[in-house]
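One is the number of the first residue; the rest follow in order along the sequence. As the structure is a computational prediction, the values presented were derived from the model and not from experiment.
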Amino acid sequence: MADDTFDKGSPDEDFALFRETMGAVKPLSQDKVTPYKTLSSTPAQKARRRDQAEQRQATASFAFSDIYQAALPEQGPMRYCRENVSTHYLKQLRRGDYYPELILDLHGLTRESAKLELSALLHTAHKQLINCVGVVHGIGSGVLKRALPHLLVQHPHVMAFHQAPLEHGGQGALLVLVETAEPTHFK
């Protein structure tokens with residue numbers, strides 16, 4: 001029986017064979033993208049970019065009230081459904097029929113920074129046509145867990161929310177149904 005295995009040469013022989021094979025190849029020159037560090041900006045361009053970034057931030061922000069306290073259930077899992085939305089969506093959220101396409105983890109954030117992140121998440125979901133997001137508030141001392149539902153009720157794009165099923169965080173998270181920029185089957 002003949003041995004069909006490939007006879008490997010020494011590393012030096014392999015390298016020489018590689019160099020011989022690749023000898024006629026020349027490197028490609030970079031001609032399409034200017035590296036970021038070499039981009040020069042005028043002060044006017046920098047100011048315009050800064051103004052655009054501030055405008056995007058202002059558009060994405062929503063002013064939540066810390067004083068507002070919604071009438072939410074005290075018994076059972078945390079849940080809410082806007083008046084013009086069918087409660088069937090709450091049942092679907094509870095069962096886990098919706099999968100969160102974006103998840104915001106608020107662990108370690110202060111209440112103020114959590115409000116900013118939550119506002120940006122809801123704005124992004126609305127604009128990118130994402131109808132379900134997850135917000136992980138954790139259990140900890142319960143500050144965010146108690147505050148989050150009252151914040152969500154205030155936002156105009158929140159249609160409903162329910163305590164997440166175990167696979168999405170259970171008592172430490174909420175699944176939120178978001179009204180998208182282009183209305184879908186929710187109405």
Side-chain angles (χ1 to χ4, degrees), residues 48-187:
R48 188 171 41 250
R49 279 198 300 268
R50 185 175 51 252
D51 291 343
Q52 289 171 346
E54 288 173 2
Q55 179 64 29
R56 283 192 304 272
Q57 178 66 32
T59 302
S61 67
F62 177 80
F64 290 107
S65 169
D66 288 330
I67 299 170
Y68 180 77
Q69 294 292 310
L72 295 169
E74 294 180 19
Q75 301 296 320
M78 183 51 64
R79 63 198 176 280
Y80 162 80
C81 188
R82 199 166 66 192
E83 286 181 15
N84 64 343
V85 176
S86 170
T87 56
H88 181 68
Y89 293 113
L90 275 179
K91 186 176 183 179
Q92 290 178 315
L93 284 169
R94 178 178 50 90
R95 287 190 314 222
D97 292 349
Y98 285 98
Y99 185 83
E101 295 181 58
L102 292 175
I103 297 175
L104 175 63
D105 188 351
L106 299 176
H107 283 98
L109 297 182
T110 65
R111 186 177 175 139
E112 290 304 311
S113 58
K115 288 187 333 187
L116 292 173
E117 293 296 327
L118 182 62
S119 177
L121 171 76
L122 295 172
H123 176 76
T124 301
H126 177 73
K127 291 296 182 192
Q128 292 184 4
L129 307 178
I130 295 172
N131 63 354
C132 184
V133 296
V135 182
V136 180
H137 49 72
I139 298 189
S141 64
V143 173
L144 290 178
K145 182 177 183 172
R146 287 187 302 273
L148 190 61
H150 299 287
L151 299 175
L152 287 170
V153 168
Q154 297 175 49
H155 201 282
H157 299 316
V158 173
M159 297 172 58
F161 61 81
H162 199 286
Q163 177 182 310
L166 285 176
E167 63 267 17
H168 297 298
Q171 293 182 10
L174 293 172
L175 286 186
V176 182
L177 201 57
V178 180
E179 185 174 57
T180 56
E182 294 178 13
T184 56
H185 64 281
F186 296 120
K187 301 233 174 180

Gap separating the [atom1] atom of [X] from the [atom2] atom of [Y], nearest 0.5 angstrom:
| X | Y | atom1 | atom2 | value |
| --- | --- | --- | --- | --- |
| C81 | K91 | SG | NZ | 13.5 Å |
| K127 | L122 | NZ | CG | 13.0 Å |
| E101 | L129 | CD | CG | 9.5 Å |
| L90 | L177 | CG | CG | 9.0 Å |
| E179 | N131 | CD | CG | 11.5 Å |
| L118 | H155 | CG | NE2 | 7.0 Å |

>> Walk me through whether V136 and L106 qualify under side chain to side chain contact (heavy atoms under 4.5 Å, CB included).
In response: CA-CA 6 Å; V136 180; L106 299 176; over 6 Å; no
> Looking at H137, H107, K115, which hits side-chain contact (heavy atoms from CB on, under 4.5 Å) with L144?
Replying inline: H137
> Given side chains that start at C-beta, do those of L175 and P165 come closer than 4.5 Å, heavy atoms only?
Replying inline: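 They are in side-chain contact.
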>> List the residues meeting salt bridge (Lys or Arg N to Asp or Glu O under 4.0 Å) with K145, not counting sequence neighbours, and say none if there are none.
In response: none
> Among all residues two or more places apart in sequence or in another chain, which pass the salt bridge (Lys or Arg N to Asp or Glu O under 4.0 Å) test with D97?
Replying inline: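 If we apply the salt bridge (Lys or Arg N to Asp or Glu O under 4.0 Å) test to D97, skipping adjacent residues, the hits are R95.
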>> Donor-acceptor pair, distance only, cut-off 3.5 Å: does the side chain of S119 make one with the backbone of L116?
In response: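 No; judged by distance alone, with no hydrogens or angles, the pair does not exist.
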> Would a distance-only check, ignoring hydrogens and angles, find a side-chain to backbone donor-acceptor pair under 3.5 Å from R94 to Q92?
Replying inline: no
>> Using the side-chain hydrogen bond (donor to acceptor under 3.5 Å, both in side chains) criterion, which residues pair with T124? Sequence neighbours excluded.
In response: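 For T124, no residue satisfies side-chain hydrogen bond (donor to acceptor under 3.5 Å, both in side chains) once neighbours in sequence are set aside.
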>> Between V158 and R82, is the side chain to side chain contact (heavy atoms under 4.5 Å, CB included) condition met? List the steps.
In response: CA-CA 8 Å; V158 173; R82 199 166 66 192; over 6 Å; no
> How far apart are the C-alpha atoms of L148 and L174, what are their side-chain angles, what is the distance that settles it, and do they pass the side chain to side chain contact (heavy atoms under 4.5 Å, CB included) test?
Replying inline: CA-CA 9 Å; L148 190 61; L174 293 172; 3.7 Å; yes
> How far apart are the C-alpha atoms of V133 and V178, what are their side-chain angles, what is the distance that settles it, and do they pass the side chain to side chain contact (heavy atoms under 4.5 Å, CB included) test?
Replying inline: CA-CA 7 Å; V133 296; V178 180; 4.0 Å; yes
> Is the CD atom of Q154 crowded by more than 12 outside heavy atoms at less than 6.0 Å?
Replying inline: yes
> Can you check whether Y80 and H162 have ring centres sitting under 6.0 Å from each other?
Replying inline: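 No.
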> R146 and S141: which non-hydrogen atoms are nearest, and at how many Å?
Replying inline: NH1-O, 3.5 Å
> Which pair of heavy atoms, one from Y99 and one from C132, lies closest together, and at what distance?
Replying inline: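 So the minimum-distance heavy-atom pair works out to O-CB, 3.9 Å.
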